[in-house]
Amino acid sequence: MKNTVDKTCKRKIFASVIVPVSLLAILVNACLLPLKRVHDRNVLELKELNEKISPAKEVAGRAPLLLQQELDLSRKLNAVFPFILSPDTAYTDLNLKTYDFARKIGLDLRSVNHHPSPAESWMNSARACYFCRPFSLNMTAQGRLEQIYQFVGLIEKDNPFAAVSEMALRLRDPSMAVFYMELVVDWPVFSERSIHESLQKMYDKKTGSAGQNSHK
Amino acid sequence: MFPRWARVVSCILYCLMVPVVIAIIYWGNLHRWTRDQLAEQQSVWESLKPVQEAVQIQQSRLNLGKQFLQELDGWNRNRIICYPVMTSLDELIPNGVHLAALQIFGSLECFSAPQADKKHPAPQVGREYQFRFCFKGDQTVGSGKILNFLQSMRQSHEISKYFSSITIGGIDKDSPMNIEDTVQIFCVDAVAEKRYVIKP
């Protein structure tokens, strides 16, 4: 009899401890901890999103300013595009131009040749670094000093990027003050046709002047 | 008999459940709030993302254009405009002195190879102009006249703005240009500083 009472009592004690412990364990493990985990994950995602959103808002806020800047830039670029020659047509264009200049001032232009200069060769290998590379034209001419000066002046005035690379003037006929000139001039040409095309396309769109400014 | 200590323990355990339930309600609400916030922020991000991408493309396009203009500016700056130099020189040449020869060296040079660091990824390209003017003068031209001429070249704005050094390169009576023995041949060397396409 006493044994049965003890057994019942032990069961009751066991139940009175185990039931709340299990309930607590269930509440903590099945509800509280998952909720906290989800909450923590959400907080982390929120933080990450906020980190992305605030710079994105800042970037988006710059859009009107950038648009204005781009319009200004496209105007500037369209103004300089005609001076940068296409590597494909540079020789023909410059030949025509130099003969035209010489004729204008009555200079006896003896020859116009293109021998790739060392700079052209190594600038070719530096294509990735520069948009342009030089295109050198070797010229020989003879005439009076004023004519030679004018010829050089016309070349320099015609293209703000053309540079006298080498020049040798020698007095040929002292009595007539005629000089013989050897001249090497560098014009910038696009390193690659694709650069020219992509820049032109990019900025023609902005001003709506596609093709107008492309150089021949 | 149900012992007293068991009742106390049971009571404590049930009491412990109260804060746990409160915590569950609290975390539940918090979770709902963060979930709503997350959804809201996600919709904001969805709307901002294409704008940000478009602006970034616009920015890179702008940078490309700026770089191109900067390089072109370098192409413009690295040259010496010879016409004003030559015409100014023409005005400065004293009586009895005539230009006999002129040599210009100003080819594009690679001053330094590209470096591995991010600061100098491109080779440093530029020109280092050297002008050599050779003059012939008659017997009236003495060294004083030559020095005065040199001084006036140094003072001329069109010439001095380009050249950091203007010196007499030599006086040579035996020059091959000297056909008549009576004339005096002297040269003036003008050297400009390095002019880079892209400033280092």
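Per chain, numbering begins at 1; letters A, B, ... match sequence-line order. Excluded from the calculations below are hydrogen atoms, water molecules and symmetry mates; all remaining heavy atoms, backbone and side chain alike, are included.
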- Query: Looking at B/V55 and A/A63, what are the two nearest heavy atoms and their distance?
  - Reply: CG2-CB, 3.7 Å

- Roughly how far apart are A/L24 CG and B/L13 CG, rounded to 0.5 Å? 6.5 Å

- Query: Looking at A/S136, A/A177, A/A162, A/C31, which one has more heavy-atom pairs under 4.5 Å with chain B than the rest?
  - Reply: A/A162

- Task: Answer yes or no: is there a side-chain heavy-atom contact under 4.5 Å between B/R7 and A/S16?
- Result: no

- Query: chain A heavy atoms under 4.5 Å from B/E53: which part of the residue, side chain, backbone, both or neither?
  - Reply: neither

- Just give me the residue among A/V28, A/L66, A/V21 that pairs up with chain B most often, heavy atom to heavy atom, under 4.5 Å. A/L66

- Whatever's closer than 4.5 Å to a heavy atom in chain A on B/Q67 counts as both

- Query: Under the side chain to side chain contact (heavy atoms under 4.5 Å, CB included) criterion, do B/K136 and A/L171 qualify, and how do the steps go?
  - Reply: CA-CA 11 Å; B/K136 60 176 188 171; A/L171 191 60; 3.9 Å; yes

- To the nearest 0.5 angstrom, please state how far the SG atom of B/C134 sits from the CG atom of A/L169. 11.0 Å

- Evaluate the side-chain proximity of B/K66 to A/Q69: yes if any heavy-atom separation is below 4.5 Å, no if none is. yes

- Query: With side chains defined as the heavy atoms from C-beta onward, is the minimum distance between A/V17 and B/S10 less than 4.5 Å?
  - Reply: no

- Task: Just give me the residue among B/Q52, B/M86, B/H98 that pairs up with chain A most often, heavy atom to heavy atom, under 4.5 Å.
- Result: B/M86

- Message: Under a 4.5 Å cutoff for heavy-atom pairs, which residue among A/A15, A/A60, A/P55, A/A163 has the most contacts with chain B?
- Response: A/A163

- Message: Can you confirm whether A/E58 is buried at CD, in the sense that more than 12 heavy atoms of other residues, nucleotides or ligands lie under 6.0 Å from that atom?
- Response: no

- Calculate, to the nearest 0.5 Å, the distance between atoms CG and CG belonging to A/D72 and B/L62 respectively. 9.5 Å

- Heavy atoms only, distances under 4.5 angstrom: which of B/Q130, B/R132, B/Q42, B/Q59 has the most pairs with chain A? Name it, please. B/Q59

- Query: Quick check: are there more than 12 heavy atoms from other residues, nucleotides or ligands sitting under 6.0 Å from NZ of B/K145?
  - Reply: yes

- What's the spacing between A/M167 CE and B/Q103 CD if we round to 0.5 Å? 11.0 Å

- Looking at side-chain heavy atoms only, is the closest gap between A/V164 and B/I80 below 4.5 Å? no

- Query: Is it the backbone or the side chain of A/L183 that comes under 4.5 Å from a heavy atom of chain B, or both, or neither?
  - Reply: neither

- B/V51 portion near chain A, given a 4.5 angstrom heavy-atom threshold: side chain

- Query: Under a 4.5 Å heavy-atom cutoff, which of B/I12, B/L16, B/V9, B/I81 has the most pairs with chain A?
  - Reply: B/I81

- Query: In Å, rounded to the nearest 0.5 Å, how long is the span from OH of B/Y14 to CG of A/L23?
  - Reply: 6.0 Å

- With a 4.5 angstrom heavy-atom cut-off, which part of A/L46 approaches chain B: side chain, backbone, both or neither? both

- Item | Carboxylate-amine/guanidinium proximity below 4.0 Å for B/R127 and A/D186 | yes

- Most heavy-atom pairs under 4.5 Å with chain A, out of B/L72, B/T87, B/N76, belong to B/L72

- Please state whether the side chain, the backbone, both or neither of A/K57 comes within less than 4.5 Å of a heavy atom of chain B. both

- Within residues 23-41 of chain B, which positions have a heavy-atom distance to chain A below 4.5 Å? B/A23, B/I24, B/W27, B/G28, B/L30, B/H31, B/T34, B/R35, B/Q37, B/L38, B/Q41

- Message: Side chains of A/E156 and B/R79, heavy atoms from C-beta outward: is any pair under 4.5 Å?
- Response: yes

- Message: Atom NZ of residue position B/K49 - does it have more than 12 heavy atoms of other residues, nucleotides or ligands inside 6.0 Å?
- Response: no

- Item | Min side-chain heavy-atom separation B/W75-A/P134 under 4.5 Å | yes

- Task: Count the heavy atoms belonging to other residues, nucleotides or ligands that lie under 6.0 Å from CG of A/N29, then report whether that count exceeds 12.
- Result: yes

- Parallel, tilted or perpendicular: ring planes of A/F131 versus B/F68, cut at 30 and 60 degrees: perpendicular

- Test item: B/W45 and A/N50 side chains (from C-beta on) under 4.5 Å apart, heavy atoms: no

- Query: Considering only heavy atoms, which portion of A/F179 lies under 4.5 Å from any heavy atom of chain B: side chain, backbone, both, or neither?
  - Reply: side chain

- From the list A/V184, A/L27, A/V152, A/I148, the residue making the most non-hydrogen contacts under 4.5 Å with chain B is A/L27

- Residues, nucleotides or ligands: over 12 heavy atoms within 6.0 Å of B/E193 CD: no

- Would you give the length of the straight line joining atom OG of A/S191 to atom CD of B/E71, rounded to the nearest 0.5 angstrom? 6.5 Å

